[in-house]
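To start, the structure itself, in structure tokens.
We count residues from 1, following the sequence as given. Note: hydrogens, waters and symmetry copies are ignored here, and every other heavy atom, side chains too, is used.
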Amino acid sequence: FMFMQVEILFIDKNVTISNLVATAKTFLQLLFGKNDLDIRLRPSYFPFVEPGVEVDISCIFCTSGCSVCKTTGWIELGGAGLMHPNVLISCNIDPEEYSGFAFGFGLTRLAMLRYGISDIRLLHSNKIDFLKQF
């Protein structure tokens with residue numbers, strides 16, 4: 001019934017997919033406190049970016065597969081990509097001079113993974129014993 005997302009948008013000269021990968025990896029490594037955290041990108045479609053990708057992280061709970069990663073070793077986090085030139089044009093930004101990237105991750109998904117919460121409904125409850133943990 002509700003979805004909250006953290007969005008990151010970066011626009012500058014000569015921005016590439018490498019900048020997106022480095023930013024996403026650094027952000028997620030710091031969030032989960034794991035310097036060995038890997039990310040992977042899978043092609044996907046999102047209307048405001050081109051190319052669009054899904055961002056996955058290596059499982060933070062196992063090394064060989066568990067119920068959280070469905071025995072794949074990877075957890076899907078969200079979408080990303082390079083800004084579509086039409087988006088830049090609509091913001092009066094010259095896509096011949098500037099480029100950028102964007103990505104978005106669900107806040108509840110990040111919180112559940114970060115704190116080992118097993119049921120998303122707990123985040124929308126008023127259970128004081130649960131909330132006191134944080």
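No path of Ile, Leu, Val, Met, Phe, Trp and Tyr side chains, each step under 4.5 Å between heavy atoms, connects Leu9 with Phe27, placing them in separate hydrophobic clusters. Transitive grouping of hydrophobic side chains (ILVMFWY, heavy atoms separated by less than 4.5 Å) brings Ile17 and Leu28 into a common cluster. There is a path of hydrophobic side-chain contacts, each under 4.5 Å, that joins Leu20 to Val6. Note on Ile8 and Val55: same hydrophobic cluster, where clusters join Ile, Leu, Val, Met, Phe, Trp and Tyr whose side-chain heavy atoms are under 4.5 Å apart, directly or indirectly. Both Ile39 and Val68 belong to a common hydrophobic cluster when Ile, Leu, Val, Met, Phe, Trp and Tyr are linked at side-chain heavy-atom distances under 4.5 angstrom.
When the side chain to side chain donor-acceptor pair (under 3.5 Å) test is applied to Lys13, the partners found at least two apart in sequence or on another chain are Glu97. With sequence neighbours excluded, no residue forms a ring pair (Phe, Tyr, Trp, His ring centres under 6.0 Å) with Phe46. Qualifying side chain to side chain contact (heavy atoms under 4.5 Å, CB included) partners for Thr108, counting only residues two or more places apart in sequence or in other chains: Met4, Ile120, Leu123, His124.
Interatomic distance, CD of Glu54 versus CG of Asp56, reported as 7.0 Å (0.5 Å rounding). Note that CD1 of Ile11 is 9.0 Å distant from OG of Ser99, once rounded to the nearest 0.5 Å. Within the model, atoms CG of Leu113 and SG of Cys69 stand 11.0 Å from one another, a figure rounded to the nearest 0.5 Å. In this structure, CD1 in Ile60 is found 11.0 Å from CG in Asp36, a value given to the nearest 0.5 Å. Atom CG of residue Leu30 and atom CG of residue Asn35 lie 8.0 Å apart, to the nearest 0.5 angstrom.
Around the CD atom of Glu96, the shell of radius 6.0 Å holds no more than 12 heavy atoms that belong to other residues, nucleotides or ligands.
Between Asn19 and Asn14, the closest heavy-atom pair is OD1-O, 3.8 Å. Listed here is the closest heavy atom pair of Val49 and Ala80: CG2-O, 3.7 Å. Considering all non-hydrogen atoms of both residues, Lys25 and Leu37 come closest at CE-O, 3.3 Å.
Looking only at side-chain heavy atoms (C-beta outward), Pro95 and Ile89 come within less than 4.5 Å of each other. Annotation: side chain of Ile75 is in contact with side chain of Cys59 (closest heavy-atom distance under 4.5 Å). Using a 4.5 Å heavy-atom cutoff, the side chains of Lys127 and Leu122 are in contact.
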Q. Can Leu77 and Arg109 be said to form a side-chain contact (heavy atoms from CB on, under 4.5 Å), step by step?
A. CA-CA 7 Å; Leu77 278 189; Arg109 186 171 189 91; 4.2 Å; yes

- prompt: Under the side-chain contact (heavy atoms from CB on, under 4.5 Å) criterion, do Thr23 and Thr26 qualify, and how do the steps go?
  reply: CA-CA 5 Å; Thr23 303; Thr26 301; over 6 Å; no

* To do: Show your working on side-chain contact (heavy atoms from CB on, under 4.5 Å) between Asn86 and Phe48 and close with a plain yes or no.
  => CA-CA 8 Å; Asn86 289 340; Phe48 302 110; over 6 Å; no

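Judged by distance alone, the side chain of Ser58 and the main-chain N or O of Asp38 form a donor-acceptor pair under 3.5 Å.
Ion pair Arg121/Asp119 flagged as a salt bridge, since at least one NZ, NE, NH1 or NH2 atom sits closer than 4.0 Å to an Asp/Glu carboxylate oxygen. The residues Arg42 and Glu76 are annotated as salt-bridged, a charged nitrogen and a carboxylate oxygen being separated by less than 4.0 angstrom.
Here ring pair (Phe, Tyr, Trp, His ring centres under 6.0 Å) pairs that include residues 92-119, with residues two or more places apart or in two chains, are Phe10-Phe101, Phe103-Phe105, Tyr115-Phe134. Here ring pair (Phe, Tyr, Trp, His ring centres under 6.0 Å) pairs that include residues 53-97, with residues two or more places apart or in two chains, number zero. The list of salt bridge (charged side-chain N to carboxylate O under 4.0 Å, His left out) pairs with a residue in residues 78-88, not counting sequence neighbours, is empty.
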